[in-house]
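Read the structure below first, then the notes.
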Amino acid sequence: MTKAPKSPRAQKSTARSGVREDPASAYDMTDAKEQIEHRTLACIVDNEPGVLARVVGLFSARGYNIESLTVAEIDRNAHQSRITIVTSGTNHILEQIEQQLLRLVPVARVIDVTQSGGIERELALVKVAGQGERRVEALRISEIFRARVIDTTNESFIFEVTGASMKIDQFVELMRPLGLVEVSRTGVLSIQRGKEKGG
Amino acid sequence: MSQMDGHTGRDGTQAEMLTGAEIVLRALTDQGVDTIFGYPGGAVLPIYDAIHAQDRVRHILVRHEQGAGHMAEGYARSTGKCGVALATSGPGATNMVTPIADALMDSIPMVVITGQVPTHLIGSDAFQEADTVGITRACTKHNYLVRDVNDLARIIHEAFYIATSGRPGPVVIDIPKNVQFARGPYVGPGAIEHRTYRPRTVPVDHRIEEAVALMAKAERPIIYSGGGVINSGPKASEALRELARVTGFPVTSTLMGLGAFPASSPQWLGMLGMHGSFEANNAMHDCDVMICVGARFDDRVTGRLDAFSPGSKKIHIDIDPSSINKNVRADVPIVADCGEALSALVAAWGARGRQKGPDLSAWREQIEQWRARKCFAYPGSEAIIKPQYAIERLYALTRDRDVYITTEVGQHQMWAAQFFHFDQPNRWMTSGGLGTMGYGLPAAVGVQAAHPSALVIDIAGDASVQMTMQEISTAIQHDLPIKIFILNNEWMGMVRQWQQLLHGERYSHSYSDSLPDFVKLAEAYGAHGIRCDSPAGLDDAILEMINTPRPVIFDCRVEKAENCFPMIPSGAAHNEMILGAITGNEIGEAGKVLV
Ligand SMILES: Cc1ncc(C[n+]2csc(CCOP(=O)(O)OP(=O)(O)O)c2C)c(N)n1
């Protein structure tokens, strides 16, 4: 066996590498000790068959997270849809997600809603069942959150509430001890501030 | 490119009306396609009728659709043009998946046309129905299901544009049988402007200036070039040579990039990476400025990432922005076509005038010291053919020929990369990213179809070659005199090597048992068979192969237990190469789990 001797310079630079944050191998990329961040991305895509499958397939194939996803056509004449995706990862992964999305042929542009200070809203339908004091309390809180009652029985309400995801999370948490039955959420929608068209 | 005469309108008014199948052939002709590789079946019979009715596009009938795909790849890689393959629905399409995935990994421009069951049967589990666009979505650059004959011509032209522009790749067009029968307007290629797809090719000026500023101060520079330089075309290879000439920087390349820079140049360091040269890998490790052009910091190249070239500033040129900063941080990212960026660097370097940069002589001296280790040296033998010796002789005896080399995957592939030397691009066809055994033989058929009078050799292993062996029949049928040079070690040698080094010499299922008699096999197919097992007879046998004007299978019996060195074990650093034969546990636990 002959093992190649390291050159003096090589040893020096290996030592220097000790302070670098890069993972030991491409296989360990996700184990990086970097901070995990949440990010909302909006993709403007050509509304052709299979485009959603391409976007979702990219996330599963490359092991990226999808925390929420909404999609609908936004311009019938231009055949365009907007897909808003809430995802998470290290800064490096989030950068990759954006670049990988742009590689898809039908993706026209990707907007980083979080970093560009865009507006994010979600709508939730929240079913709460209860009687007496608990029922009154649920209604009182719903007013604070400007939720609308869209269905009522003697023993239940369905509230419609919109807002940032965090607000909806809080609302749901407050309803939990008051007889929360189930929740249905749209996922996050996004749009850019100001008079310009997004992206 | 075609004229738009007679069939102008996208509005359909003046356009010529053709059947879908005729549109396919017309569009292929207008795209300049002279050869396609295919296999018929129920869902493509109308297209086969249209093939029958014309003589401008040659159809090469294969023996298995995988063969058609690799032939299209070989054709594409050796010509710089787009390869085209044709298959029927269901099993025809699924057999094509491997070459499609292979072309995606190695950025090979390829258009694959598949038949599909009629539109009204889609989703009914009809006979030979498979969700081809679903199955190939993850392994194509883009794919289409054509539901309306009115879209067909535009889609075909768009597919060629997408396959060949930007970072090239495979595009699948799935055409239901009723769409092949239906009549629709034909539109010519015209100027394609895709609504959303617009690859950037021209570099941003200030990045070029930043790059040149780094290069001008470099004391230990290196150019690391990849398959992207070949994809970009001959101009890019020229620009690379020019950049190396004006700067004097040493050059290494990936497996996919071999030939872009001449191996005969004193500035050439050889291939880098897992089985690359000692001088290339050490120079990568110790350099202070790295110019990566058309390569993607693959794990086979970088080894352990945290020890990868730790002290260098990195300039990364790639047409695909997602390649930049994917594995390794770039200090100067340049999103552009390699040829454009290299030319811009040459121009900007020249514009500096006569400024003298740092003296590179110490660096050169260091490199010569590494080179003096002669890392590829191997113990010779008078009794047994060493596989390295076989490739050395093959190279020596074909030097003055118009030669193209393809390979399968394994040790023989690495020895071919180490011991066969290339001075021109597009002469070396190998499956790099996917590592597909069975690539080389059909790829050679595709290369030979494009270069009928060239010497096309598939350097093969005894295991790999059996994966697509039936395509020798294609070669016989179409008078394509490919040479299959098998380094027969009776083992899946690369698997055996890993089992020896990493798995305690437990040789689980890596012996090539029940090998056929390759000479008889050649004869059974109507090819010429040669066997050689002595170093003394090797030259004559190789010359016999070269001088046989028919397909040849050459059974070259080589040393069975030879290992391929140097080797950077998975998870090790560039300066931790293993140089000689070893049997111990040099590879740590962390390295063993890597592939
Ligand atoms: C389709 C496919 N299956 C499995 C592998 C894994 N593999 C890589 S090299 C190798 C052995 C190749 O043996 P051979 O063709 O005889 O070449 P040698 O290494 O002996 O030169 C195998 C099985 C692969 N690369 N491709």
Side-chain angles (χ1 to χ4, degrees), chain A residues 1-29 32 43-58 60-62 78-80 91-93 95-109, chain B residues 133-134 137-138 141-143 145 147 162 167 194-197 220 278 282 285-286 297-299 302-312 320-329 366 369-370 373 375 566 570-571 573-584 586 590-591 593-595:
Chain A
M1 182 197 100
T2 48
K3 190 95 192 292
K6 294 175 187 178
S7 72
R9 182 177 294 135
Q11 278 170 356
K12 198 171 72 201
S13 42
T14 310
R16 213 183 309 152
S17 78
V19 294
R20 283 173 71 104
E21 291 279 282
D22 296 330
S25 142
Y27 301 90
D28 301 336
M29 293 298 276
C43 310
I44 309 299
V45 300
D46 243 19
N47 188 18
E48 60 179 38
V51 63
L52 184 60
R54 275 180 223 288
V55 170
V56 173
L58 186 150
S60 67
R62 294 187 183 267
H79 287 285
Q80 283 193 328
N91 221 333
H92 170 248
I93 286 173
E95 226 175 77
Q96 264 294 304
I97 292 176
E98 211 173 312
Q99 294 303 335
Q100 293 292 348
L101 283 168
L102 283 168
R103 270 179 90 188
L104 300 177
V105 168
V107 171
R109 33 184 210 286
Chain B
V133 285
R137 194 170 284 131
K141 182 170 174 187
H142 195 49
N143 63 14
L145 171 62
R147 291 176 172 275
I162 290 171
R167 178 175 181 178
H194 194 275
R195 274 214 302 270
T196 52
Y197 171 76
R220 302 185 305 281
F278 186 63
N282 274 295
H285 187 274
D286 283 8
F297 297 96
D298 175 80
D299 56 80
T302 59
R304 207 172 103 206
L305 268 184
D306 65 352
F308 174 71
S309 195
S312 65
D320 175 2
S322 77
S323 283
I324 293 173
N325 289 338
K326 183 170 68 179
N327 299 335
V328 168
R329 291 259 170 238
Q366 168 68 80
Q369 276 174 26
W370 286 322
R373 290 294 302 256
C375 66
S570 290
H574 269 175
N575 59 349
E576 295 170 354
M577 295 193 93
I578 303 170
L579 282 178
I582 63 153
T583 48
E586 269 302 310
V593 302
L594 303 179
V595 290

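These values consider heavy atoms only, across backbone and side chains, with no hydrogens, waters or symmetry-generated copies. Just so it is clear: chains get the letters A, B, ... in the order the sequence lines come, proteins before strands, and each one is counted from 1. Since this is a predicted model, take the numbers as computed values, not measurements.
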Is [X] close to chain B through its backbone or its side chain, or both, or neither, when contacts mean heavy atoms under 4.5 Å?
| X | answer |
| --- | --- |
| A:Val105 | both |
| A:Arg54 | both |
| A:Ala61 | neither |

Side chain to side chain, [X] and [Y], heavy atoms closer than 4.5 Å:
| X | Y | answer |
| --- | --- | --- |
| A:Val56 | A:Leu52 | yes |
| A:Gln99 | B:Lys326 | no |
| B:Lys141 | B:Tyr197 | yes |
| B:Ser309 | B:His285 | no |
| A:His79 | B:Arg195 | yes |
| B:Arg304 | B:Asp306 | yes |

Go through the atoms of [X] and report whether side chain, backbone, both or neither lie under 4.5 Å from a heavy atom of chain A.
| X | answer |
| --- | --- |
| B:Asp320 | side chain |
| B:His194 | side chain |
| B:Leu145 | neither |
| B:Arg167 | side chain |

task: Report the distance from atom CG of A:Leu102 to atom CZ of A:Arg109, rounding to the nearest 0.5 Å.
output: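 Here the interatomic distance stands at 11.0 Å.
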field: Set of side chain to side chain contact (heavy atoms under 4.5 Å, CB included) partners for B:Asn325, sequence neighbours left out
entry: A:Glu95, B:Arg329, B:Ala330
query: Residues of residues 43-50 of chain A under 4.5 Å from chain B (heavy atom pairs)?
result: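 A:Asp46, A:Glu48, A:Gly50 fall under the 4.5 Å cut-off.
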message: Using only atom types and a distance under 3.5 Å, with no angle test, would you say the side chain of B:Asn143 pairs donor to acceptor with the backbone of B:Val133?
response: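 Yes, because the side chain of B:Asn143 sits within donor-acceptor range (under 3.5 Å) of the backbone of B:Val133.
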